[in-house]
K.L.:
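The structure that follows is given in the form of structure tokens.
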Amino acid sequence: MPSLPVVSRIDELRSLLDERRASGRRIGVVPTMGALHAGHVSLLRAARESCDVVVATIFVNPTQFAPGDDFEKYPRPFERDLDLCVGAGTDLVFAPDAATMYPPGSQTVVSVPELARPWEGARRPTHFAGVTTVVLKLLNLVQPHVAFFGQKDYQQQLLIRRMCRDLDVRTRIETCATVREPDGLALSSRNVYLSAEERRAALVLSRALRTATE
Ligand code: PAF
């Protein structure tokens, strides 16, 4: 396997990317929480096709988990993630720790309140402010030309688009198609939590979407 630079410090990330930006290279970022699957790989490949430099970020962001959520048990197969990044042609991985992203005293939160209220937000009232805050921080750190997100997280990408529009962020947001198992289940890092019965039941979502489309 070719070696892949993995940086955890902000100064290192900035100096590596500043050089490339200064030489006119187009930078693409795929923000992730790790536990990568073929959906993430498709985002990295889309970035590879349209950008000169592909950055993956791997950070299990504590602020988007509520107390009692699965933050502790969220899968963290870091070495496997790096192999998938290499296979998808990633140039650089940024994998900070929580103290780097949220140093003591951090208090600013970015929220998109109306879009965060319905749907998933109705069940997870603090989730999306955690997402938009960390995504804005990652965009500020990487300063990419393009950022890639999955359509599976439909509400998330809507919020991120609105945040970038409202706050004049220059990064273009690219939304890529959901990748599914052959039987229709959307790929998700959390599918590993499903029992056989829950996994069967979950197929109702793709079936309902297909029926609605037809
Ligand atoms: O979609 C995810 O994996 C996360 O919500 C994101 C965008 C990486 C922010 O932590």
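Just so you know, ligand 1 is whichever comes first in the structure, and atom 1 is the first atom listed for that ligand.
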K.L.:
Sequence neighbours excluded, which residues qualify as side chain to side chain donor-acceptor pair (under 3.5 Å) partners of Arg172?
P.N.:
Glu174
K.L.:
Using residues 54-64 as the side-chain source, report each donor-acceptor pair under 3.5 Å to any protein atom, sequence neighbours left out, with the distance given to one decimal.
P.N.:
| unit_1 | atom_1 | unit_2 | atom_2 | d |
| --- | --- | --- | --- | --- |
| Asn61 | OD1 | Thr63 | N | 3.4 |
| Asn61 | OD1 | Thr63 | OG1 | 3.1 |
| Asn61 | OD1 | Tyr102 | OH | 2.7 |
| Asn61 | ND2 | Thr63 | OG1 | 3.2 |
| Asn61 | ND2 | Gln64 | OE1 | 2.9 |
| Asn61 | ND2 | Gly130 | O | 3.1 |
| Thr63 | OG1 | Tyr102 | OH | 3.0 |

K.L.:
Drop me the distance from Arg180's CZ to Leu205's CG, to the nearest 0.5 angstrom.
P.N.:
8.5 Å
K.L.:
Enumerate the residue pairs fulfilling ring-ring contact (aromatic ring centres under 6.0 Å, His included) with a member in residues 105-134, sequence neighbours excluded, ordered by first and then second residue.
P.N.:
none
K.L.:
My understanding is that only one of Met163, Arg161, Arg162 makes a side-chain contact (heavy atoms from CB on, under 4.5 Å) with Ile173; could you say which?
P.N.:
Arg161
K.L.:
Enter the distance from Ser189:OG to Asp81:CG here, rounded to the nearest 0.5 Å.
P.N.:
8.0 Å
K.L.:
Pairwise, report which nitrogen or oxygen atoms of ligand 1 are under 3.5 angstrom from protein nitrogen or oxygen atoms, and how far apart they are.
P.N.:
| unit_1 | atom_1 | unit_2 | atom_2 | d |
| --- | --- | --- | --- | --- |
| ligand 1 | 1 (O) | Gln156 | OE1 | 3.4 |
| ligand 1 | 1 (O) | Gln156 | NE2 | 2.9 |
| ligand 1 | 5 (O) | Gln64 | NE2 | 3.0 |
| ligand 1 | 5 (O) | Gln156 | OE1 | 2.7 |
| ligand 1 | 10 (O) | Gln64 | OE1 | 2.6 |

